[in-house]
Amino acid sequence: MDDWDLFYQVIENEAKIGFWKVDLVAGTIFWSDRVFTIHGVTPEQYTPELASAIAFYHPEDQPIVQKAVDEAIERQEPFDFELRLVQKDEYESVRWVRSKGRVKIGPDGKPVSLFGIFEDISEQKAYEQQMEILLSGAQIGLWDWDLQADCMSINDKAWQILKGLPGTENKPITSQQFKDRIHPLDQDRISSELNKAFGCDNFVYDVEFRYLNKINEYQWIRTLGKVIERKADHSPRRMLGQMIDISESKKIQEELKHALRLAEKNAQKAEEASRYKGEFLATMSHEIRTPMNGVIGMTSLLSDSELSLEQQEYVDIIRTSGESLLTIINDILDFSKIDAGKLILEKHPFDIRSCVSDAIDLVVPLASPKGVELLYYIDPNVPTTIISDSTRVRQVLVNLLSNAIKFTDEGEIFVSVSSLPKNENTYSIGFSVMDTGIGIPQDQLDSLFDAFTQVDASTTRKYGGTGLGLAISTQLAQLLGGGLSVESELGVGSTIKLNIVAVGRSVQIKPKFNQLTGKCALIVVNNDSNRKIISSLLHAWGMESVTASMGQKAHEVIENTKPDVAIIDYKLSGMNGATFAMALQEHANISAIPLIMLSPMGDRPIDSISTVKHWLPKPAKPEQLYKCLLSILGNDQDIPYQATGNGAFSADLFKSTRVLLADDNRINQKVALRMLDHLGCRVDAVSNGKEVLHSINIVRYDIILIDLMMPEMDGFEAARKIRKMPDVQQPVIIALTSNTVNDDLEKCMEAGMDNCLHKPLNKEKLHKMLTHYVEAHALPSTPLLTSA
């Protein structure tokens, strides 16, 4: 609890004054504990709302409350009223309350909130009602004013409160004598209130004023009174009243006002600083993001050209690094959202396999220098794509992998992905990161995900870091619909599991591996897990395999079989892969067997080995291994791996497909046109929705790729108009958007679109999307969640 919270608590407890605030923009109400008490409810029983809060007041007083608030907002002036409040208890007790407030004005000059204090004045009201029967000797400050004789009698308690008048102790005084001791700035207000009491029988005179006491100090007095006798002409003859010293209460109120003014001033400064920071970050982000989108888009186009495997690897690194930089930029912008508790996840379709592969790529440079094996396996039953936040999923995976690498000096780190269906379209996706590192003591497992927690917190600890990574990952995992858990054994290793819940779908079209079926591969890899993973992949592609963990054992296997290809780890026990490859050349039966060498990043010999057809970086990606095998054992040298099972890429697939591209940005249009050309589509381009409507009346298009934000007519309106055109053969409509809002896909579906692609485009997600619709030969009734 900070000093201000303690200060406010003291005020509530001692002065019994509550605090409230109405957020006019969000439509929410804040009540302090004292305000809940006055209303006779607890925070668990009632949540303050604008509509229901007024219902607490007496039915006769509710219009007064509404009018006072409305006038305060309209005139932007403070308000002060006293009304009856009906408590929500079993007796429905009626309490008199006083509410004071003022309006806070925003930068645009419009009211943004009301705030003030709330006080239970039932006791004072009870005093007012009892004034006429109170005796002058009662131990409260009483006064009795004979207006006809201009004589004011004051009881002993009142003299104690006033600290007496010079020369008039305990003697009646005139109204002028009393008036002379009142602060000049308060006299007009007192006269005004007295005139109201003189003219109205039921009016209760209630005034707070400053009074100069006998020791020449101003003190605050609150006096209440009422006319109890009148002359025949209805003029006042006698008033009876009471007084209390409210100096301490006023002092607290003034301190509170000062604190509120200071808090408001500091809040304005903070809001202004936050706005400037947000504007700066947004500007810098835009300036960096624009060229990075160009880099990512052009690398996608470059990937479509004829590249060697080594060149393709470089292009993939550039693309992944560019996307990583964009992720960092987005994370910087998220800092302000996290501080405000407003971090919102994106929702878009993406490929889980690509997400895991990209996460592995980002941490390979950390694992390779340590000689730690990075392995991953994705169960075939895992959905092809899901709708979630790919950036956050990858962020958590990278953090878990980086953490595992940091605490693992030898052995392996194995990532596995599995899924369980929850209902027709929803899956529970499980990611497991297992390492052979130092492990975690059992007594520290419960605090592992706490902020600033380290397994080794000593001043001589070997491993660095802030201890925030797993805590942040835990929060992200919860936002993704799941959580994190850990299993560990000290000195053996740890397994951290990430679970998320997402909507997903798999394409159930089986690929044809006719060119690999029946072929046999020799797998010579030290790591048991890696051998099993590679063997499982080959089996799925229709191949047979024989395995060995060392070169000598591999020679023994070769004596009994003649493989068509060998997959060899460059790091073998007793000899490296290059030495083993050269030894194979001396084997009479298989001296010319083609080899695929798996090597750690940057660990590749200068001398060439004629039988090594491909060098693949570890961990070998399934798509890369598949392409290498096809180039060695198949007839088509350019058939790429298709992870979704949609068949090998061929320009013939799209040669009859007419595509209309609508995008007003010339660079984005150029990138998309090149990608569509490389796919073999027959494509036309326009710049807005009106041109789309004109074009489809002339040419029948199979697919329309349409930007959502365009001049003259945006993508949403164009799609709605197309769906209402009875004479047009309805095309597939796929939205193109760079927005990151959560409801983009839903809005697209409402407008009649079939799916949504997020920018920057790349050939993989565009190819997957178009392949599905071309092979389907029909418009699906639900969106295909296969775009990444």
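Positions are given from 1, in the same order as the sequence printed here. These figures come from a predicted structure and were not determined experimentally.
Residues forming a side chain to side chain donor-acceptor pair (under 3.5 Å) with D677 (at least two apart in sequence, or on another chain): none. When the salt bridge (charged side-chain N to carboxylate O under 4.0 Å, His left out) test is applied to R682, no partner is found at least two apart in sequence or on another chain. In this structure, the side chain to side chain contact (heavy atoms under 4.5 Å, CB included) partners of A620, at least two apart in sequence or on a different chain, are L598, L616. Applying the side chain to side chain contact (heavy atoms under 4.5 Å, CB included) test to D714 and every residue at least two apart in sequence or in another chain returns F716, E717. Every residue meeting the side chain to side chain contact (heavy atoms under 4.5 Å, CB included) condition with P421, not counting sequence neighbours, appears here in chain and number order: Y427. Residues satisfying the side chain to side chain donor-acceptor pair (under 3.5 Å) criterion with D664, sequence neighbours excluded, are absent altogether. Under the rule for a salt bridge (charged side-chain N to carboxylate O under 4.0 Å, His left out), the partners of D684 that lie at least two apart in sequence or sit in another chain are R658. With sequence neighbours left out, Y376 forms a side chain to side chain donor-acceptor pair (under 3.5 Å) with no residue at all. The side chain to side chain donor-acceptor pair (under 3.5 Å) check on K104 picks up nothing, with sequence neighbours excluded. Y314 pairs by the ring pair (Phe, Tyr, Trp, His ring centres under 6.0 Å) definition with nothing, not counting sequence neighbours. Residues meeting the side chain to side chain contact (heavy atoms under 4.5 Å, CB included) test with Q311, sequence neighbours left out: L307, S308.
For the pair L736 and L661, the minimum side-chain heavy-atom distance is below 4.5 Å. Between I704 and V732 there is no side-chain heavy-atom pair separated by less than 4.5 Å. Side-chain contact between E49 and I29 is absent, with no heavy atoms from C-beta onward closer than 4.5 Å. Annotation: side chain of D663 is not in contact with side chain of V686 (no heavy-atom distance under 4.5 Å).
There is a side-chain donor-acceptor pair under 3.5 Å between N423 and T426. Defined by atom type and a distance below 3.5 Å, a donor-acceptor pair is missing between the side-chain atoms of Y773 and T657. For the residue pair Q395 / N399, no side-chain donor-acceptor distance below 3.5 Å is found, with atom types taken as modelled.
Residue Y377 forms a side chain to side chain contact (heavy atoms under 4.5 Å, CB included) with just one option from V415, V417, I533, V356, and that option is I533.
In this structure, the side chain of S357 does not engage the main chain of R353 through any donor-acceptor pair within 3.5 Å.
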